[in-house]
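To keep things clear, I will list the structure first and then write my remarks on it.
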Number of protein chains: 2
Amino acid sequence: MIKVLLIDDHPIVMEGLKNLLTRQEDLTVAGCFSTGKAGLEGITTLQPDVVLLDINLPDISGIEICQQVRKQDKDVRIIALSVHNERLVIKNILNSGANGYVLKNSVGEEIIMAINAALNGATYLCRATRDIVSQVSEGELTSIPRITRREKEIMGLVSKGFTTAQIADQLFISPHTVESHRKNLIEKFDVSTMTAVIKLATQFGLI
Amino acid sequence: MIKVLLIDDHPIVMEGLKNLLTRQEDLTVAGCFSTGKAGLEGITTLQPDVVLLDINLPDISGIEICQQVRKQDKDVRIIALSVHNERLVIKNILNSGANGYVLKNSVGEEIIMAINAALNGATYLCRATRDIVSQVSEGELTSIPRITRREKEIMGLVSKGFTTAQIADQLFISPHTVESHRKNLIEKFDVSTMTAVIKLATQFGLI
DNA sequence: GATGATATCCCTGAAATCAGCCATTTTTAA
DNA sequence: TTAAAAATGGCTGATTTCAGGGATATCATC
C-alpha cells in the first residue's frame, strides 16, 4: 500500500484529492496538512511514499518545503501542485527536488499518473507544463529569488501605486533606501522593471 | 430537494465540492460545468436553485456570468467562489447580483452555510471578507473595469518588463498609442501607476 | 572573530512614465 | 442609422524610475 500525504491549505481541494486517491485501491492517504510547518512534521513522522504539495501555502512556500525535505535526505517522492503555469515556478520546483508538477486545473487522472511516474523514478509534467519546459533552453530559466521581509513590504507598497518618496515617508526611511530595495528586487527577479517584479510576486503569492 | 449547479474549471475543486454537497441530504448536484459558456447554458436548461460559481474561469469571468444571469431575471441564488480576498472583487461580484462570497480556503461548512443563507434570501460572506467589507465605506470601492483585447495585450507586455517603445515596435503601432492605452488602463483601474494595474490584473486573472 | 546577509544611506544622469490635453478612423452595439 | 466604444495618433512638461557606481551599521551564524 502506497502512503500518500497531502499538503494544501484549501479544504475543498483537499477533499477532492482525498476523494480521488481513496478510489485507487493501491493508495492510502496517510495524512492531510494545511500548513507548510505541519506538513514538514507530518513527512518526518508519517514517512509517506508520496507527497502532493501545494506550492502556494500561507506560511512556508512549497519550494522551501521541497528543499528542506531534500536536505534531510529523505527519498520521499514529491509532486507539486499549483494553479500557475509559470516558467520560473516549474524550473524552481524541479530544481528543489520535486518529482512532478501538476496544474490544479488538470484532471484527476493526471495526478494518478504523476504519482505512478514518481514512484517509478520518473518525473511527470502535465501537458501545458511540458510544452513550456521543452520550449525553453535551461539557461533561460532563472530561479524564484529569496525575498527579505523589508523587500516584501516595499513590493506591497509599490504594487499599491505608491511612489518611492511616498514609501519612504510611510516607512520612515530615506528615499535612497527605498531605491536600493527596488534595485535589489529587479536584480533578484532578473527582470528590468518593477512592473515585472510585481507580476511575478503576485503570481508566486509573495504579496 | 435543492438543486445545486457547479461552475469551476478545476476538476479537483469540483470533486471536493461534489463530495461535500452529496453528504448533505437535502442537496443534490444538478450539474457540473468547467467553462462559463457551458455554465450559462446549464443554468438555463437545468434551472438550479443555487449556483456555486468560480470567479476565475478560462472563458468568461464569473462576474460577467452573474450579470448575464441577472439580466435574464432568473431568481437563482449565486454564491461566488474565489481564491483572492480583494476588495474590488468582493464589491464587484456582490454588485453583479451574487448572494454570497466564499474563499476557496474556507472550510466546507462555510459553503453549506452560504447556501442556506442564500436560500433564505440572505447574503453570506466568509469571515475574512466580512471584515474587509465592514472596514470600508461603500464609496471607496470601485469596480473591476472592462478591459479590451488590445489593452489586455498591452498589460501582458508591460508585465513582462517591456517599455512603451518596445511594445510599440512589437505591435507595429506608434508609442503614442501605447501611451494612450496605458493611460486608459490606469484610469480604468482607478490607480496611479501601471504597477498597481498589473497587480490587480494578475489577481483578477486578466493576464 | 570572521563571514554573509540585511538594511540603511548617498550621488549622477539617462530613460521612462504620468498627467493633461486633443483628434481621427474603424468597429461594435443599440 | 445613429451613437458609443475601441484603436489609432499626436503634443508638452513634470515627475519618477532605472542603471551605475558607491558606503556603513547591524545581526545572526558558523
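Each chain gets a letter, A, B and so on, in the order its sequence line appears, and its residues count up from 1.
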Enumerate all atom pairs, one protein N or O and one N or O from nucleotides 28-30 of chain D, separated by less than 3.5 Å.
none

Heavy atoms, side chains only, cut-off 4.5 Å: are B:I12 and A:I111 in contact?
yes
Do the charged groups of A:E153 and A:R150 touch, with an N to O distance under 4.0 Å?
yes
Name every donor-acceptor pair, under 3.5 Å, that has one atom in a side chain of residues 2-11 of chain A and the other anywhere in the protein, sequence neighbours excluded.
unit_1	atom_1	unit_2	atom_2	d
A:K3	NZ	A:L46	O	2.9
A:D8	OD1	A:H10	N	2.9
A:D8	OD2	A:K104	NZ	3.2

Among B:R146, B:H181, B:K188, the one residue meeting side chain to side chain donor-acceptor pair (under 3.5 Å) with B:E151
B:K188
Give the rounded distance in Å between these two atoms: [atom1] of [X] and [atom2] of [N].
| X | N | atom1 | atom2 | value |
| --- | --- | --- | --- | --- |
| B:M194 | D:dT16 | CE | C1' | 15 Å |
| B:K183 | D:dA7 | NZ | P | 16 Å |
| B:D169 | C:dA16 | CG | C1' | 15 Å |
| B:D190 | C:dC18 | CG | C1' | 15 Å |
| B:R182 | D:dT8 | CZ | P | 15 Å |
| B:M155 | D:dA7 | CE | P | 11 Å |
| B:E187 | D:dA6 | CD | C1' | 14 Å |
| A:Q166 | D:dT15 | CD | P | 13 Å |

If you count every heavy atom of other residues, nucleotides or ligands that lies below 6.0 Å from A:Q47 atom CD, does the total exceed 12?
yes
Looking at A:Q170, I'd like to know if its CD atom is crowded, meaning that more than 12 non-hydrogen atoms belonging to other residues, nucleotides or ligands lie closer than 6.0 Å.
yes
Audit row: B:V76, B:D49, side chain to side chain contact (heavy atoms under 4.5 Å, CB included) steps and yes/no:
CA-CA 5 Å; B:V76 55; B:D49 301 296; over 6 Å; no
Tabulate atom names and distances for all N/O pairs under 3.5 angstrom spanning the protein and nucleotides 4-9 of chain C.
unit_1	atom_1	unit_2	atom_2	d
C:dA7	OP1	A:R150	N	3.3
C:dA7	OP2	A:T148	OG1	2.3
C:dT8	OP1	A:R150	NE	3.1
C:dT8	OP1	A:R150	NH2	2.7
C:dT8	OP2	A:R150	NE	2.9
C:dT8	OP2	A:H181	NE2	3.1
C:dC9	OP2	A:S174	N	2.6
C:dC9	OP2	A:T177	OG1	2.7
C:dC9	O5'	A:T177	OG1	3.3
C:dC9	N4	A:S180	OG	2.4

Spacing of OG1 belonging to A:T164 relative to CD1 belonging to A:I154, to within rounding of 0.5 Å:
8.5 Å
Minimum-distance nucleotide to A:E179 side chain [options: C:dC21, D:dT17, D:dG20]:
D:dT17
Worked check of salt bridge (Lys or Arg N to Asp or Glu O under 4.0 Å) between A:E41 and A:K37
CA-CA 7 Å; A:E41 287 168 15; A:K37 199 166 166 295; 3.6 Å; yes
